[in-house]
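Okay, so here's the structure we're looking at.
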Amino acid sequence: MICTNCGGEYQENDLRCPFCGRENEIMAEKRKEQKLHSLDQEAEEIKKLPEKVLKHSTGKMLRYVGMAMGVLLLVLVLILAGSVIVSRLQHNKAQKQLAEIERLYALGDLQAMTVYMDQEDVSGRTAGKYQSIKYAYRDYTFAMESIGQLHQMTEGDYFDQWSVDNQKKQIYTDMEWAIRGLIRAVQSIDEITTQYGTYNDLQPVLDLRETCIERFRTEFLFEDARIDELIQLELAENESLVPYIDEIYMQWREVYAP
């Protein structure tokens, strides 16, 4: 190649004349064309970039959504399986509890049955009938505790040191709570026998009722007619028992606290 400036000869792919340093115009034009072509390609790539990014992002998002749905489905399956297992365990536990309650009840051991139901926290849904029986038995035991306190008080050495008015007040209080407990127990038992009258296993409950009636007779010296009246009482007001306690007070003192 001949330099247009100095006439020197050099290689066509040389960027400049090695003699005078003038730029090789042919190579400069080629480089310019290559640069322009490269810029055009970069422009095309830039135009395609959003589409590529969108495709990439969409695919990535779909993968994430698929993974999330899979995890959610797995969690739902585990929750459902867990609830079924828990429900089965609760059912088995309730059946086991009911079997033990029925065993104790069949033996007539209402005390053991009540203790077991309290310890196991048995709900009414598991054993509705026995829950009612438990409450009736609790009323009976409450009455017996009050009767025990009544006798302990009147038999104590300190009782004679009290004034007559104070003695009467204390006797009235314990009598009221004891009689109230017996009334509630009998009323609950009557409701039980009405509700579950078709059952043939109510004898332990009926025995408890007869025990309550006997306590009315022996502990408080009530006649059967008066006992029937007591059982019909509404116990919303404490004063409802006062006439009955007045009736037996002196007779009871002659027998138990002379």
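In what follows, residues are counted from 1 in the order of the sequence shown.
- Side-chain contact check for Met153 versus Gln167: every heavy-atom pair is 4.5 Å or farther apart.
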>> Apply side-chain contact (heavy atoms from CB on, under 4.5 Å) to residues Ile179 and Leu182 and explain how you reach the verdict.
In response: CA-CA 5 Å; Ile179 294 171; Leu182 291 174; 5.5 Å; no
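- You'll find the side chain of Arg184 stays beyond 4.5 Å of the side chain of Tyr140, heavy atoms only.
- Side-chain contact check for Leu241 versus Leu230: some heavy-atom pair is nearer than 4.5 Å.
- Listed by first and then second residue, the side-chain hydrogen bond (donor to acceptor under 3.5 Å, both in side chains) pairs involving residues 145-158 are His151-Glu219 (not counting sequence neighbours).
- With contacts defined as side-chain heavy-atom distances shorter than 4.5 Å, the pair Phe216/Asp224 does not qualify.
- In this structure, the separation between OH on Tyr105 and CD on Glu100 is 15.5 Å, given to the nearest 0.5 Å.
- Lys96 and Tyr116 get closest at one heavy-atom pair: O-OH, 4.3 Å.
- Of all non-hydrogen atoms in Ile248 and Phe220, the two that sit nearest each other are CD1-O, 3.3 Å.
- Phe222 is not listed as a side-chain neighbour of Arg217, based on a closest heavy-atom distance of 4.5 Å or more.
- Residues Leu98 and Tyr130 have side chains in contact (heavy-atom distance under 4.5 Å, counting atoms from C-beta outward).
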> Could you go step by step and tell me if Gln97 and Met117 meet the side-chain contact (heavy atoms from CB on, under 4.5 Å) rule?
Replying inline: CA-CA 8 Å; Gln97 289 174 337; Met117 291 179 70; over 6 Å; no
>> Test side chain to side chain donor-acceptor pair (under 3.5 Å) on Asp207 and Gln203; report intermediate values, then the result.
In response: CA-CA 6 Å; Asp207 290 343; Gln203 194 57 49; 2.8 Å; yes
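- Atom CZ of Arg215 and atom CE of Met144 lie 4.0 Å apart (nearest 0.5 Å).
- Asp139 has no carboxylate O lying under 4.0 Å from a charged side-chain N of Arg180, or vice versa, which leaves the two without a salt bridge.
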>> Set out, in order, the CA-CA distance, both residues' side-chain angles and the distance that settles side-chain contact (heavy atoms from CB on, under 4.5 Å) for Leu233 and Glu229, then state yes or no.
In response: CA-CA 7 Å; Leu233 285 178; Glu229 290 181 17; 6.0 Å; no
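- Between Asp174 and Lys169 there is no salt bridge, since no side-chain N of the basic residue sits under 4.0 Å from a carboxylate O of the acidic one.
- Minimum interatomic distance between Ser240 and Pro243 (heavy atoms only, all atoms of both residues): O-CD, 3.7 Å.
- For the pair Arg226 and Glu223, the salt-bridge criterion is not met [side-chain N within less than 4.0 Å of a carboxylate O].
- Across every non-hydrogen atom of Pro204 and Asp201, the tightest pair is CD-O, 3.6 Å.
- Transitive grouping of hydrophobic side chains (ILVMFWY, heavy atoms separated by less than 4.5 Å) keeps Val122 and Tyr135 in distinct clusters.
- The distance from the CG atom of Leu208 to the CD1 atom of Ile213 is 10.0 Å, given to the nearest 0.5 Å.
- Nearest heavy-atom pair, Ala136 versus Ser188, reported as atom, atom and distance to 0.1 Å: CB-CB, 3.8 Å.
- Separating the CD atom in Glu234 from the CD1 atom in Ile183 is a distance of 10.5 Å, to the nearest 0.5 Å.
- With values rounded to the nearest 0.5 angstrom, Gln232 atom CD is found 12.5 Å from Ile227 atom CD1.
- Note on Ile245: it clusters hydrophobically with Val255, by side-chain heavy-atom contacts below 4.5 Å among ILVMFWY residues.
- The two residues Gly128 and Tyr196 come nearest to each other via the heavy atoms C-OH, 3.8 Å.
- Asp118 meets the side-chain hydrogen bond (donor to acceptor under 3.5 Å, both in side chains) test with Lys134, Arg138; sequence neighbours excluded.
- When atom types are taken as modelled, the side chain of Tyr244 and the backbone of Glu176 share no donor-acceptor pair closer than 3.5 angstrom.
- Under a 3.5 Å cut-off, the side chain of Gln187 and the backbone N or O of Ile231 do form a donor-acceptor pair.
- The CD1 atom of Ile133 lies 10.0 Å from the CD1 atom of Ile101; values are rounded to the nearest 0.5 Å.
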>> Between Leu150 and Trp252, does the side-chain contact (heavy atoms from CB on, under 4.5 Å) criterion hold? Intermediate values first, please.
In response: CA-CA 11 Å; Leu150 179 61; Trp252 187 90; 3.4 Å; yes
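- The ring-ring contact (aromatic ring centres under 6.0 Å, His included) test applied to Phe159 returns Trp162, not counting sequence neighbours.
- Counting only heavy atoms from C-beta outward, the side chains of Val205 and Arg209 never approach each other to under 4.5 Å.
- Shown here is Glu210, whose CD atom has more than 12 heavy atoms of other residues, nucleotides or ligands within 6.0 Å.
- Cluster annotation: Met250 is connected to Met175 through the hydrophobic network of ILVMFWY side chains, with a link wherever side-chain heavy atoms come within less than 4.5 Å.
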